[in-house]
Amino acid sequence: MTEWNFHEAAGDTSTAWGDAGNLAVWDETLDTVMRTVNRSMEAGWSAYIWWYGKRFYSFIGDGSAGTTTGAVLKRGYAFGQYAKYVRPGDQRIALTKSSKASPLEVTAYQGGGKIKIVILNRSNSAVDNAVIQAPQNVTTAEDYLTSRTASAAGQATTVNGGQVTVSIPARSISTVILTP
């Protein structure tokens, strides 16, 4: 663990942190914070710990810099793509990514009888109708998206045996949960 106080998108006195749609804050969250978490998971880390949970530049507002005390911030929803859906005891699992999915950064986990796939799309292009090939038949698939305009919003999926089709918007992070 290391202490990481990263909030260069806006200073301590800026009210940008309380604006869920602020582009600079979202870009910093997606391109620096979430990319670092994704790379850490790809490198085999077992956990990623963020030092401050309740702070204007963190996950939950503290009432300063335009935030509301106790309100989940955009960075909290983004980090929640891992923290809420990938649970203690889940194991990272290997995956194969096709060349069609090249702009996507993907990690997968298994636990609690489910497979969880975290998909980071930092590109300016959506990946429509992405097909996830599961190692077994899937009965249900849930897709939760966080972007500059969405906060852990449910997205449509299509399930066909061991294949799940999802669309990944540009500049977003999603968690797809597969249940056999």
Side-chain angles (χ1 to χ4, degrees), residues 1-4 6 28-54 58-60 72-123 126-147 150-180:
M1 177 179 146
T2 184
E3 182 176 353
W4 191 20
F6 193 78
E28 180 179 283
T29 296
L30 196 66
D31 295 329
T32 303
V33 177
M34 298 320 301
R35 186 168 197 208
T36 299
V37 173
N38 182 73
R39 284 184 168 177
S40 299
M41 296 303 103
E42 287 178 331
W45 288 23
S46 297
Y48 191 96
I49 300 171
W50 182 269
W51 189 252
Y52 276 109
K54 186 177 182 181
S58 193
F59 306 150
I60 300 170
V72 178
L73 303 174
K74 188 58 72 168
R75 194 167 281 179
Y77 283 108
F79 205 91
Q81 296 296 326
Y82 289 94
K84 182 175 182 178
Y85 305 111
V86 180
R87 303 303 305 150
D90 288 359
Q91 299 291 313
R92 229 176 354 274
I93 57 175
L95 58 86
T96 303
K97 190 172 77 168
S98 82
S99 60
K100 294 178 191 176
S102 63
L104 304 178
E105 300 171 53
V106 185
T107 54
Y109 310 85
Q110 189 166 14
K114 299 178 183 209
I115 296 172
K116 298 103 182 218
I117 304 165
V118 181
I119 305 169
L120 180 62
N121 184 2
R122 296 182 318 103
S123 79
V127 177
D128 294 322
N129 300 312
V131 176
I132 299 168
Q133 181 65 52
Q136 59 202 27
N137 280 341
V138 174
T139 57
T140 61
E142 303 164 74
D143 181 8
Y144 299 97
L145 165 79
T146 296
S147 67
S151 299
Q155 300 298 301
T157 63
T158 303
V159 177
N160 184 6
Q163 291 187 334
V164 176
T165 304
V166 297
S167 290
I168 310 298
R171 309 287 304 145
S172 68
I173 183 168
S174 290
T175 303
V176 180
I177 302 169
L178 310 178
T179 304

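Everything numeric here is computed off the predicted structure, so don't read it as measured data.
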Residues two or more places apart in sequence or in another chain: which of them pass ring pair (Phe, Tyr, Trp, His ring centres under 6.0 Å) with Phe59? Trp50, Phe79
Criterion side chain to side chain donor-acceptor pair (under 3.5 Å) against Lys116, the qualifying member of Thr107, Asp90, Thr175: Asp90
Any donor and acceptor pair, going by atom type alone, linking the side chain of Lys97 with main-chain N or O of Leu104 inside 3.5 Å? yes
Output for pair (Ser147 OG, Ile168 CD1), nearest 0.5 Å, gives 11.5 Å
Could you give me the CA-CA distance, side-chain angles and deciding distance for Ile117 and Val106, then say whether side-chain contact (heavy atoms from CB on, under 4.5 Å) is met? CA-CA 7 Å; Ile117 304 165; Val106 185; 3.5 Å; yes
Has Lys84 got more than 12 heavy atoms of other residues, nucleotides or ligands less than 6.0 Å from its NZ? no
The reported gap from CZ in Arg171 to CG in Leu120 (rounded to nearest 0.5 angstrom) is 8.5 Å
Pro169 side chain near Leu145 side chain, heavy-atom distance below 4.5 Å: yes
Closest approach of Leu73 and Ile60, non-hydrogen atoms and distance? CD1-C, 3.8 Å
Measuring from atom CZ of Arg122 to atom CG of Leu30, what distance do you get when rounded to the nearest 0.5 angstrom? 7.0 Å
Please round to the nearest 0.5 Å and tell me the distance separating atom CD1 of Ile115 and atom CD1 of Ile93. 4.5 Å
Any idea which heavy atoms bring Ser167 and Asp143 closest together, and the distance? O-OD2, 4.1 Å
Please report the interatomic distance OG1(Thr179) to CG(Asn137), rounded to the nearest 0.5 Å. 13.0 Å
Nearest heavy-atom contact between Tyr82 and Met41 is CE2-CG, 4.0 Å
With no hydrogens and no angle check, is any side-chain donor or acceptor of Arg92 less than 3.5 Å from a backbone partner on Trp45? yes
Non-hydrogen atoms of Pro180 and Gly113 that approach each other most closely: CD-O, 3.1 Å
Please list, chain by chain and in numerical order, all residues satisfying side-chain contact (heavy atoms from CB on, under 4.5 Å) with Thr146, sequence neighbours excluded. Trp26, Lys74, Tyr77, Ala78, Gln81, Ala152, Ile173
Can you tell if the side chain of Val118 reaches within under 4.5 Å of the side chain of Asn38, non-hydrogen atoms only? no
Short question: side chain of Asn121, backbone of Ser172 - any donor-acceptor pair under 3.5 Å? no
Does the side chain of Val131 come within less than 4.5 Å of Asn129's, by heavy atoms? no
Aromatic ring centroids of Tyr144 and Tyr85 under 6.0 Å? yes
Heavy-atom distance under 4.5 Å between the side chains of Glu142 and Thr157, does that happen here? no
Reported CD1-to-CD distance for the pair Ile119 and Glu105, which is rounded to 0.5 angstrom: 11.5 Å
